[in-house]
Every structure is written in structure tokens, then in C-alpha cells.
Engineer: 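Here it is, the structure in full.
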Amino acid sequence: APPQAGGSTSTEGGGSTCGNEVTIDEVTSVGLAFDSGGRGDLSFNDATVAGLEQAQEEIGFEATELSPNADGSNRGDLLRQLADAGNNPIIGNGFQFSEDMDTVAAEYPDTQFIRIDGGPSDCANVAVLTFAEPQGSFLVGAAAALTSETGVVGYVGANTSELIEGFRAGYTQGAQAVNPDIEVLTATLEPGPEDGYNDPAAARVAAEAQIEQGADVLYHASGSSGVGVFEAAAAADVWGIGVDQDQYNTIGDPALAEHILTSMLKNLDAAVYESLTTIVEEGSVDSQNLTLAEDGVGYSTTGGFIDDLVPQLEEYKQQIVDGEIEVSATPAS
Amino acid sequence: MTSAPDAAAPPAIELRGITKRFPGVVANRDVHLSVARGEVHALVGENGAGKSTLMKTLYGMHVPEEGTISVDGEVVTLRSPGDAIGHGIGMVHQHFMLADNFTVLENVVLGSEPHRGPRLDVAESRRRILEISDRYGLGLRPDAVVEDLSVADRQRVEIAKVLFRGARVLILDEPTAVLVPQEVDALFANLAELRREGLSVVFVSHKLDEVRAVADRITVLRRGTTVGTVDADEVTSRQLAELMVGSELPVAERAASTVTDEVALAVHGLAVERGGRRVLDDVSFEVHRGEVVGFAGVEGNGQSELVEALLGVLAPTAGTVELGGEDITRTSTLRRRGAGMAFVPEDRHRQALLLEAPLWENRLLGHQGSAPAGGRFLVHPRAAREQTARIMAEWDVRAPGVEVRAGALSGGNQQKLVIGREMEAQPKVLVAAHPTRGVDVGAQSSIWGRLRDARAEGLATVLVSADLDELIGLSDVLHVMLRGRLVATLDPRDVTPEVLGTYMTGAATGDAGTTTEEDRR
Amino acid sequence: MTAVRRLGAALAPPAVAVLIALAITALLLTVLGVDALTALRALVDFGGSAQGQANQLRTLLTGAVPLFLAGVAVSVAFRMNLFNIGVEGQYRVAAVCAAYVGGELALPMPLHVLVIVLVAMLAGAAYAAVPAVLKVTRGVNEVITTIMLNSIAVGLAAYLVAGPFRDSTAGEGGNPTTRPLGESARLPGFQDSFLLLGLQPPTRPVTGFIVVAVVVGVVVALLVSRTRFGFELRASGANPTAAVASGIPAKAMVLRAMLLSGALAGLVGLPELLSEDYSYGTSFTSGLGFTGIAVALLGRNSVPGIAVAALLFSFLDRAGPSLETQGIPPSVSTIIQGTVVLTVVVVNEVAARLLARREDRRVRGRTEPAAVPAAAAQQGEGRA
Amino acid sequence: MTAVRRLGAALAPPAVAVLIALAITALLLTVLGVDALTALRALVDFGGSAQGQANQLRTLLTGAVPLFLAGVAVSVAFRMNLFNIGVEGQYRVAAVCAAYVGGELALPMPLHVLVIVLVAMLAGAAYAAVPAVLKVTRGVNEVITTIMLNSIAVGLAAYLVAGPFRDSTAGEGGNPTTRPLGESARLPGFQDSFLLLGLQPPTRPVTGFIVVAVVVGVVVALLVSRTRFGFELRASGANPTAAVASGIPAKAMVLRAMLLSGALAGLVGLPELLSEDYSYGTSFTSGLGFTGIAVALLGRNSVPGIAVAALLFSFLDRAGPSLETQGIPPSVSTIIQGTVVLTVVVVNEVAARLLARREDRRVRGRTEPAAVPAAAAQQGEGRA
Ligand SMILES: Nc1ncnc2c1ncn2[C@@H]1O[C@H](COP(=O)(O)OP(=O)(O)OP(=O)(O)O)[C@@H](O)[C@H]1O
Ligand SMILES: Nc1ncnc2c1ncn2[C@@H]1O[C@H](COP(=O)(O)OP(=O)(O)OP(=O)(O)O)[C@@H](O)[C@H]1O
Ligand SMILES: [Mg+2]
Ligand SMILES: [Mg+2]
């Protein structure tokens, strides 16, 4: 069905600079462009796929998935190709789509774009789904501090992008909320704001170094690099903390799963599922920031390792939802 | 035409009806060659006649299109040097094939290393090399790096290499081109020794007197095919030359002096050090316009360093060089060439040619900065092609065209191209090492003629050569080099090769019996 | 005439090669249990709609431009037997410097772009100067220094963009980038000009930097074949000893070749900077320098060959998503792309050899066999 | 005596180099505004506790093993002037094959490991055979073929592990891996043996494959310096024309060198397979082949040099997190690591030259200058 051009008067945000308000009568084909790592990364990309597949089962559209090339230079072209093929809406997975998606949205003003993560967009036809990762990370940080016997916990981040630094910020605050004297060791896999999602070997070396320095709970925000963290944790018999999905379930290796204390859930699947059903129901979708309050983020208890901590964590959660605790998205150092 | 010395036994080597084509060129056509056991067999012919090609065929470096090769009466197929070596054939190449950065020992054993199990037996290698060295008076230093050796030393390494493998048939492609008479005598003594031991030697040379002296039989090649085989004692050099080229044997005759007062090149107290040792020490001389100054010396006594220092490739540790009154001790090679210096190196493959580039690009090399083919910023391929064609015509460089790779030319033709290139630039000073190395008798006399013409027009020449006839015939004054020093200054008019030889080996010293500069004017 | 023939000689082998490569790839695919026909169709598929086709054409061209520049940069050093693995680091450092200077400056249109291009070339050359100087003065192999400088470049660019070069006008938070270029530095592209060729204009313009790439290609081709510098470069590469004896300063040539290579490398990031991103930030493309090595080798160091090679790489890159759409997993599509290039390399090599041999024969065929006086050869030359 | 001196000659330069490198790095850090002392202390910090130190030592050794193997693999080809960029692809293909065969087989202990090692070496050699054969028969440059084969290897390994080689006993879901090795294929490591040296044992053992690495190092060193094969390898690399003229089959040598290099490359992934992961999956370490090139070059192609270089790389790798703990941003720590290696390369080169010159003088000093009869030289030799 040809997309209907809605009135280009945008409501909030004071005047969009590109694209139209899009109304979709019938969702027949949905495009999904992956972040680097592609399908099978056991975390970020796979979570989005899960949401897409759930919606697909219910709604019954055709889905086209495309992966970026090795150097990630073709993200914009992936979106264009999906748009040219008539997909509507089109999902771009990851903040790295930010600039490209806005550019492409201007070129295809009547196609609805959905971006997971990234800064706000000026385009009327771009809906950005963001998550309060710092809040979720706060809770697993608290869990880490409550579990740690050494008073030292670790963190392995993919890179120094704003998004990934947010994980670190929340985690540190959560840990310090429990134990102000706690030492949080941090390691970053890539010096710049890009990549680092696909280097389990480096993650493992970093994690081992932290374990050597006494860390006994390690959190990672590094896509499929995280496997390296879990391997190091399992080998040293300490804890790892998963990210994005419930990695206890998705890691696929029981030996590693036994060392996944909890995971910071970024309910991508639910968000993707919901935005697609919203389009079906209402014809359009808006940007959303999904916080603890909306269950956009959270923590998992699979494996039962933190069952006794749940009351304390729920208390922190409530305080955050109530605004008693404010979680900053930028790390102190 | 006679039969082989021992008609009963099958010939050690027999080539029958060999034809070898390169794209567009028939290098060998229906060639027949038969070498008996214990025979020294010479192969002569003008440049490009196909001698090296034939020898390479025999050494398995390429497979002929037609014809058969028999070793001791048995037809064999030689697909690689490995095969040839397997049949007891060894070769010393016209252009050496040594690993420069390896030691003498390593080079000699390469490919047939003495070993115990998989392990290399260095001690055994050393023992056998020294044995060969002593037996044939090769004077090898097993641990010297080949890179540091003079051309003659390298030649000896190549010979040792072949002997080391116990080759029954030795191929020597122009082995004497860079040897001084004493060394040639020594080599021939060695060959005689080998021959007595029943080895066969095939050797290529342009020096017809030499050929007659040492060979049992001589096969003449012309335009890729055999003209005939003659007994060495039954032929004169003149007859040989006629068989080869149909012209007379050239003589390096002296011409009237054209020496002027004007100093073109002046060298004072020049010294060069290598590895902490003075390889050139306190060398002083002058070259005037219209003068040829010859340098005689056994290889390895500093001639190379002298040439390279004059060219500016080697930085002297002391002394000055003046070109036309201007101090050029510290100027670059480029400037020196620009100021009218030309250069014919001792090793054309290493220092003068781009073997994989077409002839016209080789014409540009060294002259890329000057008109008409080169320039300050641009080069002009068309002009370079035209000039190359002219050089080829005037200097009788035999090649199918200017687009041919330099590496496809025969050795003598490469040499003619290099000389032609340098002379066409009309230099003021020519620094030439072995300018007629490897060129045939006809071309040699024409090159000599041209050098004389240029001298008459004012060219100042520094001539280094192992060919004493050439040195004596062309030079206006002769310096003898020994251990990096000028030990004698001789007048070529009253010196014979034999006398010169005694000076070169250090048997005679000083300036006894020579004239002074004043006398000669 | 000869120019056309030479271009033909340079272009024919790759063309034949691509066809043969496709055949071999089809075989391999069948072995892997993939439907070869579908895969190949997807490979060469430019999409159904005219719009889609135009866009794919744009992607092809836009993708080829930086690869071409990288290939040319690598090839210049190759001519001297220098292996400039450092194009990768050079273009990264150049891009971050150019983006910073371009963002902070305000200049009228053509000047602004010019300054950015110059800064990029200078920065690239400066970064290439390090291995060059180390090689010339200390004899250090350029491969290892450039490998290490590549890794330093990653850190350096990240450090610069996060610190000294960061856009100070942007607030806290957000990923660090340099200040976006002003309008005067944004290169117009080709879009409506497609109409002139009777084609549908793509949704986005083809980068205007393609003009620079063409100019660079022509200049470098002329430089190498027609100038003294180019000749000296080739001679030094072919026979260093002879070059020195011919008055070519070997060390200076190493320096010059590396600086030129680095300056060209500096251009690699500019299409992206001037026509896409307008700043150096998170999504700046990396890895082009490495692909440039393959491009230069595939193009056999000749400028037209490199152009074809860059187009081939870009073509295959573009095909990745098409293959994925056809249900071919990314792993198999990587295999396909690699195999196509590999076969092209081999066939290209064989074809080039055959051609050289034919050319040889053509040249020689004009003259009589062996020992013919050169005068005849000269005539033969004149006749052609 | 000479062996010791030679080892000293190979080891002394890198040691001095590291010290000088640290000094230069300190300077650079000060320029970047980082406290140099803190940074350097963090760099060499092995942690406070004895346990921590033992563990860091373990990380250092474990990290160095595959880098050493990769470096040796690259260096064998280098000796013949072959640039085997393909170690990367070779070890990947070898690892996936070895993991598959090892996982599917059940054999008694030493045999099981042996079979896995053999399969890895065979697979590596087979994958290296492709560029070797293409070079020998078609004259295709090995750099481009290995580059392309690396990219094909990525696809191939992903394809194999997702399809034919996938662990069929594992359920659906989860990421694809090969079937985990049985106990009989899991290499015991060194842990309690630390006590013998008076050291605290690390929490995890050092990979037992270190023994294999040492054996490989010794064998390759002997092979290259003491055997005919090694000698002919060097000769063919240094001067192919001379080698051919000496009857050494050049093409066969290319084949042998590449096959040997590939077989050694096949070992690179085994420490991880046999002592860490026990299967090949998505998290298998990549990039070791590329680092191997830097290691081989830094080690100047000598086995002891490569060992030192591998340790240095592993040391710096290990230091990354320590630096970050000291508040040094990752970008700066990347710069530090790169600079240390770069300076080591330069100083090493200079030192090696000085040493070579001294050695030269020593050797030459033993013989008389020029035209000395060989007998005298022989005596001189005997005297030393
Ligand atoms: N590799 C090659 N490719 C093409 N042509 C070649 C090749 N080698 C030799 N030729 C040609 O074959 C012919 C014979 O050359 P060859 O080297 O055998 O001459 P030669 O008798 O040894 O001469 P010289 O006395 O100058 O050394 C020449 O025309 C030469 O150009
Ligand atoms: N780079 C070097 N290092 C050490 N020794 C060297 C070096 N170059 C030459 N030699 C030695 O110096 C001596 C003189 O050699 P040189 O090359 O000067 O010979 P030459 O007299 O020039 O011979 P030719 O007549 O062939 O030019 C030889 O013993 C040689 O081994
Ligand atoms: Mg010859
Ligand atoms: Mg000499």
C-alpha cells in the first residue's frame, strides 16, 4: 500500500526539518538494518530480531534483514535499498544510524523510519526508541556491589561512545550506592566512539586483568565481545553480568551461563514489537524513551543467583522511578 | 674440419639440430656441437650470434624447440639447471649468478650442500672448498661476502662452484673478459689440468688469440647457426675473424697524441675507506682534454672504488676531485653527470641497466635530466625512442626494436647500448671500466675508433680495463694500481703487456723507465 | 592509437576475468549447496525500479571513489618497491585534521574546499613522512613502521576528536565530533546531471569528489609515465644500484615517493567528509587503506587498472545486501565476493601475460630474426 | 660460545630498545599532558599481590604463545621473500577444521591431541597451498591472493561452523560452535610447576601448548640455520636467479616455504582450542595473523627475536587495562602501546646494525686485508 502523506505539521519539537508525518495503512513489508555484528551476536541485534519476529508472527508481514559491510560504510545505503524495495517501516538498529537515517529520511519523506538508540531526530518520519540504559545499569551495578566479596567490581565497554559510557555511568553509580568505597575497574576495547562489539579476545584479556586486580563481578557493554568476559569469569570462577538480553538464556553454553549473575535487560524486543503493533493499530509511531518506569530496561533473575537481592534491587528501582535517585548518564571520570 | 680426438668413445656432449626461438628471434637455428672427453672446445661468434643461448640450453635453463642433447652418447632432456647438474654439467655465466649477500662458502655449496642427514656440514664444505682453491690456485676466502668481491674474485667463485660439484663438463661463458693476462694464464693452466683429468670444457670468448692458444677445437657461430668447427692449430686469428664476421681482426693501434694543456679532471690525494680499511689511498692524477689516462691493476686493487668515487657514488674520506677546474668532491652524481661526466660501469647489469624495462627507457637512464629525451620536469618517450633507434644504428646494437626489454639483448649488445648511450651525450669526461667487455672483435674495433675520435675532439677519458692491449693501445699515460695506491706511471709507447703485468703484481715498482709528462708533449 | 590500444590492453583482461570469475564462482556455489543462478542474479542485480537502479549506480560510484584513491596512493609507493601499508593510518589522521580545520574555518566556497583538501594532503604526507624518514635515516623496514603507525593513528584520531579537535560549540554529551563543515565546504554532487545521460537521478547525489579522483588519476598516470620524477621512481624501484649510478638520489626518492603516497592517502577520507558526514565522528569509515592494497595489486599498479579494480570492489560490496535479500547468508556472500576477486586476480594475471607475449610478438614481428642491423629495426619502428 | 654470543646479539638490542622506547614514550606522554610516571608505572605494573603477579605472568605467557607461532609462520615465508599475509586466514581455517575433527573423534589422550595438531597443520598448509600454487603456476603475487583468501576464510569458517561442522548434539538456538573436545583432547597446563620456580601458581594454568611453541621454535631455528632446506630457502629468497642457476628448484621452494608457513600458521589457533575454548565458535580470537606480521618484522625474522617480540606485544596487550585503571583514556593507551613498539623497532634496527658492523669487524679482523691466500684465511679461521 502506498504510504499516505500526512500533514507535515509536526506537533512537538517545534518544526521538523525533514520528512513528513507518515501514516501507514497496512504493514506488508518491514526492513531491518543491523548494527555491526549482524544476526547472531547474542545480544543487541538478536534482541531486535526477537521483537521483529514476534510481531511478524502476529501481523504477518514480510521482513527483509540487511547487514552492514565490514567497514560499516554502507549503513545509509542499506536504508535506501530497503526504502527502494518498498519496505515501510524501516528499522535501523543502533545509534550509528543516527546521521545516516536522518539523511535518508529526508530523501524518503513518506517512509517511516524507526531507530533504536541514538540522539533525537529532527525528522517527522523518524521515530527514535531510546532506553534508559544508565538506570538499568544502576540496578545491575547495585547487584554487583551486593554480590562482590572483594569490594572490587569490573566493567568492560566496547568503546567510548556516549551510549556505551552511559552503561558505565549507571553501573558505577549503582555500585557506589551500595558501597561508596567500592572500586570499579573499567576497560574499553576501542579507543574511539566506534566498534569494539566484535572482539571477544580483547574483552577476555581485559576481563582477566580486572579479575587479577580483585574484581569478582564483571559487567560488559560490548555486544558479542562480551563472550570473552564470560569466558574469563567462568575460568576464574567469578561472576559476569550480561547486557541487552537475558544472556543466561541466550549464551548457549551452560558452562558460561552458570557464571552469569544477572543481565541488564534492554527490552528491545518488546519495544520493537510494540512500535510495530502501534503502527498497525494507529498508523503511526512516535519517538519514545523507555525507562525503568515503562519496563524499557530492567534486570534478569534467571538462574536464581540474585533471588535474595531482589527486594533491595526493587527498592532502588522504586527510588529511581520516583525520582528520588537520579541516575546520571555521564561517568564521573 | 677434423674429427674429435678420440673418435671411438662417444662425445661427452653432443648437440644435434638445436633450434631455440625467442618471440620474433631465432637465437639458435639447427646448431650442431660435439665435445669430446678431455677436450677444450671454444665457441666464437659475434655479439648476438647465439652463444649464450646455446650454453644456457646445454645448462637446462631453457628447453630448445628442436634438436637433441646427448651426454656420453645418451640422449637426455634437461629441463632445469638441476637436471644439467645431475648429468655432470656445470656453467659459469657471462653475467654472474651469485647471491651477493652470501659468503663465498655459501655460494659455492649452494644447491649441492655437503650434509650429514638433513644437517648442513659446514666443516666439510670448508675443507673441500679450500682443497679446490689450493689445487687450482683460486685463492678463495670462504668467509668473504660476495658483495665485497671484485669481479675477478667473483669469477673465481663461479668456477669453484662448478668444480665443487665435480662437474665433468664445464661451460664457461666469456670467463676471461675481465681477467688480466696473468689471471688468464692461471685460468688456462687450470683448464689444462682439468683436461688432463678427463673433463671437457666448452668456453665462449671474443679474444681469438686466447681461443687459439687454449682450445683444441673451435666452433664458429654466425647468426644463430653453426658455420663450422675447426682445429685450433690449423687456423689463424684472421681466418677465425673472417669466419665469424667476414672482416679483419682489429688491432689497438696507437694514434697521434691529441693531449692538450687544459686539465679536464684533477684528482688530489683521494682516499676511500671500507670496513675501516683504506681501499684507495692518496691517489692523485690529472686528465687533460684529449687525453686517455689508463689504470692497470689486478682486480681488487681499488679500481672500482676509484671509478665510483669519481662518479660520486662513493664518498671519499680525503682528497679532492676537480672537474674543469671546479671542486666537485662533494657534489652529487647527478650534478657530475650534468657537468659532462659519463660512466661505463664494470658490471652493466648492476649499475647501468634496467633489465625489465624497454631499451628506450634504458636510454633515458642517467640522462633523464637533459634534452632532448629528458628534461627538468618531463621526459619525452618519443624523443627517447628516436634516440635509442639512432644509437642502435650507429653502435650496431642488434635488437628487434626499441621496445624490447634490455634483458633480452645479448651481453655484447647490452654493452654497446651502454657505451652508445654514454657517448651520445657528448661528455667532457668519460669514466669507463672495461668499455669493450664482452663485445665481439668487430664491435671492439669500432668502439676503439670512436673513443679515439672523441679523444681527438677533446674528450678526457679515465680508462680502467683488464684488457692490456686495449689499455696500452688507447692510453696516453698509464697508472698502475696496487693495494689502492698508484705505484707506477708508465708510458704506453714503451711498455709491453708482459712488463705491465709485472708492475701490476707488484714484482716491479716505481717509475723506472717511464717518461715524464713533459717528455710526452 | 597506441594510447587507445594501451588502455584496451589494460581494460580487456579484467573484463574477461570478471566473466570467467563468475563461472568459477557459480561452480563453487553449487558445491556449497547454494543455488548459483539466484546468487549470481542477485550479484548483478541492480534492483527492479529505475529509482533503485539509479541509487545502486550511485552507491557503486560513490563507493569506488575512496577505494580508487587508496589504490592509487598504494601504487605510487609500490612503483618504488615500497609497501605503504600505512595508507590506512594516513587517511585517518588526514581526515581528522582536515575536518577540524575545515570546521573551524569560514571561507568562501571554492577556497574553503581547497584549504581542506590541502590540509588533508599535508597531514597525510606528514604522517607518511615518519616511516619514510625512519627508512631513509635508520633503514627501518616501512612495513612494520606503517603497521604500528596505523594502530597509533586510531588512538591519535580518537584522542584528537575527543579533546583538542572536539566541536566546542556542541554541548556536553553526545558523541565527540569535529565541528561540522559550513555550507561553503560542502561539495555539490552529481544528481540532476544523470538526466543528461537519460538516466533517473539517484535520491542522493554522487559525490562531487569523483571529479577530484578523475583528476588525480590522470595526473598520477601522467606523472608516472611522462615526468622525470615518474621515470626516476620506476628506475629506483627496478634497479636501485643502477639508479644511484645514474644520478638518481635513492634516499630522496624514497622520501618523495612516500610523501606523495601519503598526500594521496590524505584524500581517501575526503569524499566522506565533504559530501556525506561533514564532520569526523563516530561513523567515519575505516579499513579503506587495507582494501586499497588489494585494489592496487589487482589493478596491477596502473591507473586504469586501479579504477577498474576499485569499481569491482565497490560493485561486490554493494552486492552484499542484494545477496542477503536472496536468502544467502552473509558468510556465503563473503565467500562469493572473495572468490570473485581471487579469480579475477588470477585470470587478469594470465591474460596480462598472454597480452604481453602477443605485444612482444607484434613488436618483434616487424623485424627480421636475429642479428639484423638496427637500421632495419628503426625503419620497422617508423612504419608502425 | 658462538651460540651464546649469537643469542646475546639477537636479544641485546631489543632489551636496550625497550628501555629507550620507554624514555621516548615518557616524553610523548608529557606532550599529551599525561603524567608519564603514572603511565609507565601502570605499564610495567604486575599488580600488588603475589597471586595477581602470577596471574599477570600467566596472561603474558599465554598471550605470547599464539603470537610467537604466528610470527614464526610469517618469518618462514619471509625468508624466501614471500609475504604470507595469509597466516590470518590459514589459522582460522585450520582451527575450525581441527576443532571439528577433534570434537567428533574419540581417541586416547596423547593420540587425540596429536591428531588435532596434525589436522590443524594439514589444513593450514592446504589453505596456504592455494596462493603457493597460484604463484608458482600462474605467477600471481601472493600478497593479493592471501588478502582475498583471508576474507574468504572468514566467510568459510562462519559457513562451516554454522552448517557442516556445527555441533549436532547441541539443541537449536545458541550460537553455532563445533562439538566441544572430549577430556582426552584437553591439554594440561602449567600451574603447580610454578612452585618449582619458587613462584605462586596462577589461578589458571599457563597453556601446555607453550611446550609445543618452544619445540617449534627450536626446530624452526635449527631448520633455517643448520639444514640444507633452510639454507636453500634463504638463498632462494635472497637471490632467486643465483638459486635457480645453482640447480635449486625455485618453484618447489616457493611451494615448500608456503606449505611450511601454512602448517605453522595452523598451530596458531591451537592454544586457544586445546586449553581455553575446547571448541570453535563466534568468540574465536581473530587478528593474530596480522599481529604475527609485526611480530616477525620486529623480531627481524630470527626465532629468539620473534620470541621477544611476541612477549613484548603480549606485555603491552596486558598493560592496556592497567593503564585505563590509572585514568589514562583508551585512546592514549593505544598511542602508548604503538609508540613503544615503534621505538623498539627503530632502536632495535639501529642496535642490530651497530652490532652487525662490530661483528663484521671482528670477522674481517681475523683475516689479512685483500689478496691474501686462502691458506692464511683458513689459519685465521682456525685461531678464532
Ligand atoms: N631471454 C631472451 N628473450 C628474448 N630474446 C633473447 C633472450 N636471450 C637472448 N635473446 C636473443 O637471442 C639472440 C642470441 O643471444 P645470445 O645471448 O645467445 O648471444 P651471444 O652470442 O651470447 O652474444 P654476446 O657475445 O653478445 O654475449 C639475441 O638476438 C638476443 O637478443
Ligand atoms: N664493502 C666492502 N667491505 C669490505 N671489504 C670490501 C668492500 N668492498 C670491497 N672490499 C674489499 O676490498 C678489496 C678491494 O676491492 P675492490 O672492489 O676495490 O677491487 P678493484 O680493485 O676495484 O677491482 P676491479 O678492477 O674489479 O674494479 C677486495 O679485497 C674486496 O674484497
Ligand atoms: Mg653471450
Ligand atoms: Mg672491483
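Quick caveat: nothing in here was measured; it's all calculated off a predicted structure. So you know, we letter chains A, B, ... as the sequences are listed, proteins then strands, and number each from 1.
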Engineer: Just wondering, are more than 12 heavy atoms of other shown residues or ligands nearer than 6.0 Å to CD in A/E53?
Structural biologist: yes

Engineer: Picking from C/P321, C/G320, C/S333, C/A158, which has the most non-hydrogen pairs under 4.5 angstrom with chain A?
Structural biologist: C/P321

Engineer: Quick one: which residue pairs count as a salt bridge (charged side-chain N to carboxylate O under 4.0 Å, His left out) with a foot in residues 75-89 of chain A, not counting sequence neighbours?
Structural biologist: A/D35-A/R75, A/D77-A/R80, A/D77-C/R58, A/R80-A/E107

Engineer: Could you name the residues of residues 273-281 of chain C that have a heavy atom within less than 4.5 Å of a heavy atom in chain A?
Structural biologist: C/D277, C/G281

Engineer: With a 4.5 angstrom heavy-atom cut-off, which part of A/T103 approaches chain C: side chain, backbone, both or neither?
Structural biologist: side chain

Engineer: For the candidates A/A85, A/G86, A/P191, which exhibits the highest count of non-hydrogen atom pairs separated by less than 4.5 Å from chain C?
Structural biologist: A/P191

Engineer: Measure A/F97 against the heavy atoms of chain C and call it side chain, backbone, both or neither at under 4.5 Å.
Structural biologist: neither

Engineer: So which part of A/L66 gets closer than 4.5 Å to some heavy atom of chain C, the side chain, the backbone, both or neither?
Structural biologist: both

Engineer: Tell me, side chain or backbone of C/S322 under 4.5 Å from chain A's heavy atoms, or both, or neither?
Structural biologist: both

Engineer: Name the member of C/L323, C/T203, C/T59, C/L288 that forms the most heavy-atom pairs with chain A at distances under 4.5 Å.
Structural biologist: C/T203

Engineer: What part of A/S161 is in contact with chain C, defined as an atom under 4.5 angstrom from a non-hydrogen atom: side chain, backbone, both or neither?
Structural biologist: both

Engineer: Could you tell me which of C/P329, C/A157, C/S286 has the largest number of non-hydrogen atom pairs under 4.5 Å with chain A?
Structural biologist: C/S286

Engineer: What part of C/P330 is in contact with chain A, defined as an atom under 4.5 angstrom from a non-hydrogen atom: side chain, backbone, both or neither?
Structural biologist: side chain

